[in-house]
Amino acid sequence: MALSTHRLLSAINDLSKTLKTLNSPFSTSFLRTKSPNKKKRKKKNESPRTKPIQHESNRVAHFEQTLQRDALFRFLTRSKDFMAKQPQHVLRLDDAGKLYRELGFPRGRKVARSVERHPLLYEVYRHIDGKMWLGFSEFMEELVEEERKVMDLMEKDRIFRVRKLLMMSAKRRIQLSKIYHCRALFGIPEDFRDRVRKYPEFFRVVVEGDGKKVLELVEWDPALAVSVLEREFMVDEDRVRRAFRFNVDHMKYLGLDEEDERKLSFLNTFPLVSPYSDGSGLKLWSLEAEKYRLGVLHEFLNLTLEKRASIHHIVEFKEEFSLTKHTYQMLSKQPRTFYLAGTEMNWAVFLRDGYDENGELIEKDPQVVFNEKLYRYAMMNRMEENALSNIGVNQ
């Protein structure tokens with residue numbers, strides 16, 4: 001009996017240990033058939049650097065593609081300008097690899113990878129000093145010379161554009177460094193700071209106390225102080241009336257029909273404020289000040305070769321044009337006239353009237369024609385038969 005009781009107690013003890021093992025969190029005897037509930041990860045907000053400013057349903061493909069083209073050819077445009085200033089148009093490859101900002105290739109990448117994309121335009125070779133060098137191809141040298149001739153041919157036109165810029169600026173003066181930074185917008189040559197000295201009847205270069213050089217307007221020309229909108233108004237009044245829309249406060253409470261609302265909006269829109277007037281004295285948030293700033297940017301974009309500019313270029317003239325930090329919001333309220341493309345951090349504004357329905361510039365400056373030709377050559381791996389004659393370069 002004692003033995004039987006002992007066995008029973010031993011069995012109970014073993015059973016108790018087994019149950020404890022089964023209930024242990026480390027037991028694998030009973031596998032879970034469902035995965036534990038995991039907290040859903042919050043979707044990260046898209047970075048302003050990559051987030052498009054236009055909703056997909058509102059995007060205009062040809063404007064967005066123009067910015068993509070700029071990014072694709074950033075190395076080509078920057079390296080061309082930088083190397084054209086170097087002796088014999090060459091750089092040591094080791095030195096070029098450190099100049100990612102100046103040459104326009106991604107930081108951390110090898111410059112050779114960018115060079116390989118344009119075999120017709122660049123060459124990498126070993127010099128007699130044993131070092132590898134980067135230079136223009138013979139064909140690229142011909143293109144650079146052709147561009148120089150275009151610059152010479154269009155010099156009078158560039159002087160005209162700069163005169164109008166100065167007439168729009170608050171004090172009829174702009175730092176030469178700002179014009180230089182935005183020179184590609186207007187087709188201004190690299191040596192413009194020297195060329196302006198040939199026109200003392202238009203310009204005066206003043207050196208400020210801090211050493212900065214400022215370009216000043218010598219004489220006001222009333223014939224130039226007429227905006228594109230003012231000229232168009234004389235030809236097609238209705239078109240100009242539709243260019244901008246300034247809503248009347250509390251209009252929805254007036255009980256007006258659509259036609260009366262349109263007429264009231266026109267009354268609020270006109271008269272426009274000339275971009276060649278002094279806008280610095282206007283009350284900052286008044287309707288007149290907003291009309292002035294829109295008129296200035298409209299005229300500014302008309303002076304550019306491609307009827308467009310990035311926010312970085314516009315900011316350069318913030319003080320001269322009395323612009324505010326709300327420029328984006330102001331432009332976005334005028335979708336009939338302006339199209340905003342790109343991302344929240346790096347956007348550009350296009351003047352819609354400068355383009356046809358297919359996204360082609362209506363008027364192409366000779367510099368734009370040259371740039372488009374250069375881009376076509378940049379995409380070629382080898383010279384195609386009759387390519388030179390078809391595109392307009394003598395063989």
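Heads up: numbering here begins at 1 and tracks the sequence. Note that this is a predicted model, so its numbers are computed, not measured. Hydrogens, waters and symmetry mates play no part in the numbers below; they use all other heavy atoms, side chains included.
Ring-plane geometry between F338 and H298 is classed as perpendicular, the angle between the planes exceeding 60 degrees on a 0 to 90 degree scale with a lower cut at 30. By the 30° and 60° cut-offs, the orientation of the rings of Y125 relative to H127 is tilted. Classification of the F317-F321 ring pair by plane angle, with boundaries at 30° and 60°, yields parallel. Ring orientation note: the planes of Y100 and F105 are nearly perpendicular, at an angle over 60° on the 30°/60° scale.
More than 12 heavy atoms of other residues, nucleotides or ligands lie within 6.0 Å of CD in E201, so this atom counts as buried by the packing criterion.
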Practice task
Just do the ring pair (Phe, Tyr, Trp, His ring centres under 6.0 Å) check on Y355 and F63 with the steps written out, would you?
Solution key: CA-CA 10 Å; Y355 294 80; F63 289 139; 5.2 Å; yes

Exercise for the section: Would you check, one step at a time, whether the test side chain to side chain contact (heavy atoms under 4.5 Å, CB included) holds for R195 with R158? Expected result: CA-CA 11 Å; R195 296 194 187 209; R158 305 325 185 215; over 6 Å; no

Handout entry: salt bridge (charged side-chain N to carboxylate O under 4.0 Å, His left out) evaluation trace for D81 with K85
Key = CA-CA 7 Å; D81 291 346; K85 295 182 289 185; over 6 Å; no

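Residue R59 holds its CZ atom at 10.0 Å from CD1 of I53, rounded to the nearest 0.5 Å. Rounded to the nearest 0.5 Å, atoms NZ (K307) and CG (N302) are 6.0 Å apart. Distance CG/D129 to CE/M132: 10.5 Å, rounded to 0.5 Å. Summarising the geometry, atom CG belonging to L103 is positioned 13.0 Å from atom NZ belonging to K98; distances are rounded to the nearest 0.5 Å. The distance from the CG atom of L374 to the NZ atom of K80 is 6.5 Å, given to the nearest 0.5 Å. The SG atom of C182 lies 9.5 Å from the CD1 atom of I314; values are rounded to the nearest 0.5 Å.
A distance-only check finds no donor-acceptor pair linking the side chain of T304 to the backbone of L185 [under 3.5 Å].
The residues R242 and D238 are annotated as not salt-bridged, no charged nitrogen and carboxylate oxygen being separated by less than 4.0 angstrom. A salt bridge does not link R148 to D191: none of the charged side-chain nitrogens sits closer than 4.0 Å to a carboxylate oxygen.
A side chain to side chain donor-acceptor pair (under 3.5 Å) with E320 holds for exactly one of R172, R173, K171, K178; it is K178.
Between F186 and F192, the ring center distance fails the sub-6.0 Å criterion.
Considering only residues two or more places apart in sequence or on other chains, K110 meets the salt bridge (Lys or Arg N to Asp or Glu O under 4.0 Å) condition with none of them.
Residues in residues 271-295 take part in these ring-ring contact (aromatic ring centres under 6.0 Å, His included) pairs, two or more places apart or across chains: W285-H326.
Under the 6.0 Å distance and 45° angle rule, R193 counts as a cation-pi partner of Y180.
In this structure, Q367 and E147 approach most closely via the heavy-atom pair NE2-OE2, 2.9 Å.
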